[in-house]
Amino acid sequence: MKIEDQLRLLKRNTTYFVDESELKEKIQSGKQLRVKLGVDPTASDVTLGWAVVFRKLKEFQDLGHHACLIIGDFTAQIGDPSGKSKTRPQLTSEQVSTYANSVLDKIFKIIDKDKTTVYFNSEWLGSMKLDDFIRLASKVTVARILERDDFSKRLKEEKPISLHEMIYPMCQAYDSVKINADIELGGNDQLFNNLLGRTLMSQMGMSGQCVMLSHLLVGTDGKEKMSQSLGNYVSICDDPNTMFGKAMSIPDSLIINWMELTTVMSQEEIDTYKNALNSNSINPRDAKIALAKSLVMLYHGKGQSLTAEEYFINTFSAKKGPTEVEEKQVPQEILEGSERDIIALLVSLGFSSSRGSAKRLIESGAVSIDGEKLTTFNFSGELDGKVLKVGKHRFCKLIN
RNA sequence: GGGGAGUUGCCCGAGCGGCCAAUGGGAGCAGACUGUAAAUCUGCCGGCGGAAGCCUACGUAGGUUCGAAUCCUUCACUCCCCA
């Protein structure tokens with residue numbers, strides 16, 4: 001592939017890139033680049049948001065470069081202040097290692113294991129001596145750190161900033177030094193951290209890494225950055241129907257953005273949808289179906305994507321109810337007597353956390369059995385084989 | 001080290017010694033309308049109880065009062081200003 005084409009490919013969907021001519025030179029030298037991507041294992045799932053950056057990393061691998069994946073098991077215990085308006089809770093090392101394993105398990109669904117070296121940054125940060133640490137800290141100024149948006153905002157709002165949070169960017173920057181990165185990838189919120197890596201490297205007499213940042217993916221709520229703690233995320237391991245459904249629930253305004261960032265649809269195809277949407281010549285729903293289908297195909301294959309589409313249309317568009325639903329056992333004690341206590345049923349099957357809220361669900365007409373809306377707390381008929389529906393999304397088939 | 005302000009439910013935030021399970025907003029859940037979209041409208045939104053009511057809650061621990069989220073003291077934490 002010609003160098004210009006390579007650069008064009010790599011630059012796609014990125015928001016920030018420094019420095020193009022530097023990267024071009026590095027690529028042209030023919031050497032295999034060390035492409036750094038660091039993730040802090042603060043949660044167990046891999047979201048589509050992370051996938052954006054991982055797929056960028058995969059593109060580098062496909063061009064023959066080497067992925068240096070940093071598992072920030074040490075930095076996760078500090079907590080990245082990026083984009084946060086308050087101090088993150090600190091994790092224990094047990095939590096971190098559980099998350100790390102879980103994340104590593106999933107990540108190779110996207111990137112190529114053979115072209116990846118995994119590093120744990122506790123390896124060098126965990127055993128650092130205090131005098132080394134202080135020497136390192138002397139290379140970063142307080143003004144530089146306080147300059148960042150997250151901190152200056154908090155300062156202005158009289159919110160606390162702990163000292164350990166200010167150390168975070170430096171630790172991450174030091175990772176780049178340790179692994180001698182040629183380029184670091186990241187989400188848009190990593191601007192400060194990654195640039196500090198570049199600076200630190202050159203201060204230590206190395207050639208500073210390039211920095212390439214991807215768009216942040218907005219979550220299914222259409223407002224916030226996708227994140228596990230906010231619950232507005234899609235996991236790359238979500239089952240096909242869930243993934244499809246979640247994609248269908250995003251606001252229309254995000255369709256094109258998601259096509260670009262989460263699927264493998266070609267730019268031409270996306271542009272076609274974009275024009276069609278702009279000129280109102282397509283029902284946005286259909287564009288969204290194309291998006292959802294492409295997404296499921298990427299992680300589950302073509303067959304599953306068609307099944308998921310069918311399931312979605314049958315269940316929701318045609319309101320027929322799902323063709324196949326999970327079966328759930330009705331607890332023995334509910335089967336005793338002549339009347340079935342639906343409140344207890346909802347609680348024991350996990351549809352409600354308390355009897356009170358189960359009652360409220362029934363009162364608001366959210367619960368139905370075989371399509372019949374419940375109006376009382378008890379049910380006198382047979383339950384076996386019937387479909388229980390709670391709200392719009394939750395179904396199960398009852399068995400005795 | 002000194003002076004001042006503050007800590008309320010998932011989050012923000014009001015709160016008069018009794019009428020406070022606590023105003024309001026956001027989030028969430030449900031219903032209507034839809035395209036499981038958005039927007040909008042409606043209801044719910046600590047627990048137990050089909051209801052009366054009871055229990056647990058306003059940073060912690062005590063106290064004053066017939067009665068406290070509201071007053072006093074202790075401790076903890078946060079912010080500001082001055083060293």
Side-chain angles (χ1 to χ4, degrees), chain A residues 84-90 151-165 218-234 238 240-259 273 276-277 280 282-293 295-296 308-322 325 337 339-347 350-368 371 373-380 388-395:
Chain A
K84 295 283 163 184
S85 53
K86 60 166 81 162
T87 309
R88 280 180 179 249
Q90 289 187 262
F151 288 150
S152 59
K153 243 189 233 155
R154 272 155 73 175
L155 220 43
K156 212 170 288 165
E157 289 167 14
E158 307 189 345
K159 298 239 174 81
I161 302 170
S162 300
L163 193 55
H164 74 280
E165 296 179 86
V218 175
T220 52
D221 60 356
K223 290 175 199 138
E224 305 280 342
K225 167 191 161 189
M226 180 177 283
S227 95
Q228 287 179 68
S229 52
L230 293 174
N232 61 353
Y233 74 102
V234 180
D238 276 341
N241 291 342
T242 307
M243 195 181 267
F244 198 100
K246 282 185 182 172
M248 288 306 285
S249 76
I250 64 170
D252 289 356
S253 55
L254 247 59
I255 296 175
I256 296 301
N257 180 253
W258 271 49
M259 281 182 173
Y273 279 110
L277 284 171
N280 287 323
I282 184 176
N283 185 336
R285 181 197 53 191
D286 296 326
K288 223 189 271 181
I289 286 178
L291 160 68
K293 219 158 55 171
L295 185 60
V296 175
E309 179 185 14
E310 199 184 335
Y311 170 87
F312 179 83
I313 291 176
N314 280 336
T315 309
F316 300 109
S317 303
K319 294 202 171 144
K320 276 193 216 147
V325 282
E339 299 254 290
R340 308 283 158 262
D341 181 357
I342 302 301
I343 299 171
L345 183 69
L346 291 175
V347 174
F351 288 114
S352 170
S353 57
S354 72
R355 288 182 60 86
S357 76
K359 265 185 262 182
R360 282 178 230 123
L361 280 172
I362 297 172
E363 277 165 359
S364 61
V367 181
S368 65
K373 196 172 275 188
L374 275 186
T375 49
T376 55
F377 296 146
N378 290 313
F379 185 76
S380 47
L388 175 69
K389 182 178 172 217
V390 183
K392 267 179 228 168
H393 308 234
R394 294 181 292 172
F395 303 90

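This structure is a prediction, so every number in the text was calculated from the model and none was measured. Throughout, a chain's letter reflects where its sequence line sits, starting with A, and its residues are numbered from 1.
Atom-to-atom distance recorded for Met248(A):CE and Leu295(A):CG is 12.0 Å, nearest 0.5 angstrom. Rounded to the nearest 0.5 Å, atoms CZ (Phe379(A)) and CG (Leu374(A)) are 7.0 Å apart.
For the pair Ile289(A) CD1 and rG35(B) C1', the interatomic distance rounds to 8 Å; values are reported in whole Å. Lys288(A) places its NZ atom 7 Å from the P atom of rA37(B), with the value rounded to the nearest Å. Between Leu291(A) atom CG and rG35(B) atom P the separation is 19 Å, expressed in whole Å. The distance from atom NZ of Lys392(A) to atom C1' of rG31(B) is 8 Å, rounded to the nearest whole Å. Between the CZ atom of Arg394(A) and the P atom of rG31(B) there is a distance of 10 Å, rounded to whole Å. Atom pair Leu230(A):CG and rG26(B):C1' shows a separation of 13 Å (rounding to whole Å applied). Look at CE on Met248(A): it is 7 Å from C1' on rG35(B), rounded to the nearest Å. For Ile250(A) and rG35(B), the CD1 to P distance is 18 Å, given to the nearest whole Å.
When the C1' atom is used for both rC41(B) and rG6(B), the distance is 39 Å, rounded to whole Å. The C1' atoms of rC48(B) and rU56(B) are separated by 11 Å, rounded to the nearest whole Å. Nucleotides rA52(B) and rU42(B) have their C1' atoms positioned 29 Å apart, rounded to a whole Å. Taking the C1' atom of each, rG53(B) and rG31(B) are spaced 30 Å apart, rounded to whole Å. Between rG15(B) and rG50(B), the distance separating the two P atoms is 38 Å to the nearest Å. The same atom, C1', is picked in rG9(B) and in rG59(B); the two are 13 Å apart, to the nearest Å. Only the P atoms considered, rG67(B) is 43 Å distant from rC29(B), to the nearest whole Å. Using atom C1' as the reference point in both rC72(B) and rC11(B), the two lie 32 Å apart (nearest Å).
Searching all strands for a Watson-Crick or G-U wobble partner of rG35(B) with both distances below 3.5 Å returns nothing. Shown here, rC79(B) forms a base pair with rG4(B); the pair counts as Watson-Crick or G-U wobble because both key distances fall under 3.5 Å. Pairing for rC71(B) is with rG63(B), a Watson-Crick or G-U wobble pair whose two hydrogen-bonding atom distances lie under 3.5 Å. Applying the Watson-Crick and G-U wobble criteria (two distances, each under 3.5 Å), rA30(B) pairs with rU42(B).
Asn378(A) comes within 4.0 angstrom of a base, heavy atoms only. Among the atoms of the strands shown, none is found under 4.0 Å from any heavy atom of Ile255(A). At the heavy-atom level, Gly391(A) lies under 4.0 Å from the strands shown only through sugar-phosphate atoms.
Among residues two or more places apart in sequence or in another chain, the salt bridge (Lys or Arg N to Asp or Glu O under 4.0 Å) test is passed with Arg360(A) by none.
The nucleotide whose nearest atom lies closest to any side-chain atom of Arg355(A) is, among rA37(B), rA30(B), rC48(B), rC48(B). Residue Asn283(A) places its side chain closer to rG35(B) than to any other of rG50(B), rG35(B), rA30(B). Of all nucleotides listed (rA37(B), rC79(B), rA30(B)), rC79(B) comes nearest to the side chain of Pro160(A). Of the listed nucleotides (rG50(B), rA30(B), rU34(B)), rG50(B) has the atom at the smallest distance from the side chain of Phe377(A). Relative to the side chain of Lys359(A), the nucleotides rA38(B), rG31(B), rG49(B) differ in distance, and rG49(B) lies closest.
The shortest side-chain heavy-atom distance between Met226(A) and Val234(A) falls under the 4.5 Å cut-off.
Within the structure, a side-chain polar atom (N or O) of Ser354(A) is placed less than 4.0 Å from OP1 or OP2 of rG47(B). Here Arg360(A) reaches the OP1 or OP2 of rG47(B): one of its side-chain N or O atoms lies under 4.0 Å away. For rA27(B), the OP1/OP2 oxygens have a side-chain nitrogen or oxygen of Lys223(A) closer than 4.0 Å.
Position along RNA chain B of the nearest nucleotide to Lys246(A) versus Ile343(A) favours Lys246(A) as the more 5'-ward residue. When each of Ile161(A) and Arg285(A) is assigned the nucleotide of RNA chain B with its nearest heavy atom, Arg285(A) is the one assigned upstream, toward the 5' end.
Val367(A) pairs with exactly one of Leu361(A), Leu345(A), Ile343(A) by the side-chain contact (heavy atoms from CB on, under 4.5 Å) rule, that one being Leu361(A).
Applying the 3.5 Å distance criterion, the base of rG35(B) shares a donor-acceptor pair with the side chain of Asp252(A).
Side-chain atoms of Asn241(A) never come within 3.5 Å of backbone atoms of Tyr311(A) as a donor-acceptor pair (strictly under, hydrogens ignored).
The minimum heavy-atom distance linking Lys288(A) with Ile250(A) is given by the pair NZ-O, 2.6 Å.
Both tests pass for Lys246(A) against the ring of Tyr233(A): distance under 6.0 Å to the centre and angle within 45° of the axis.
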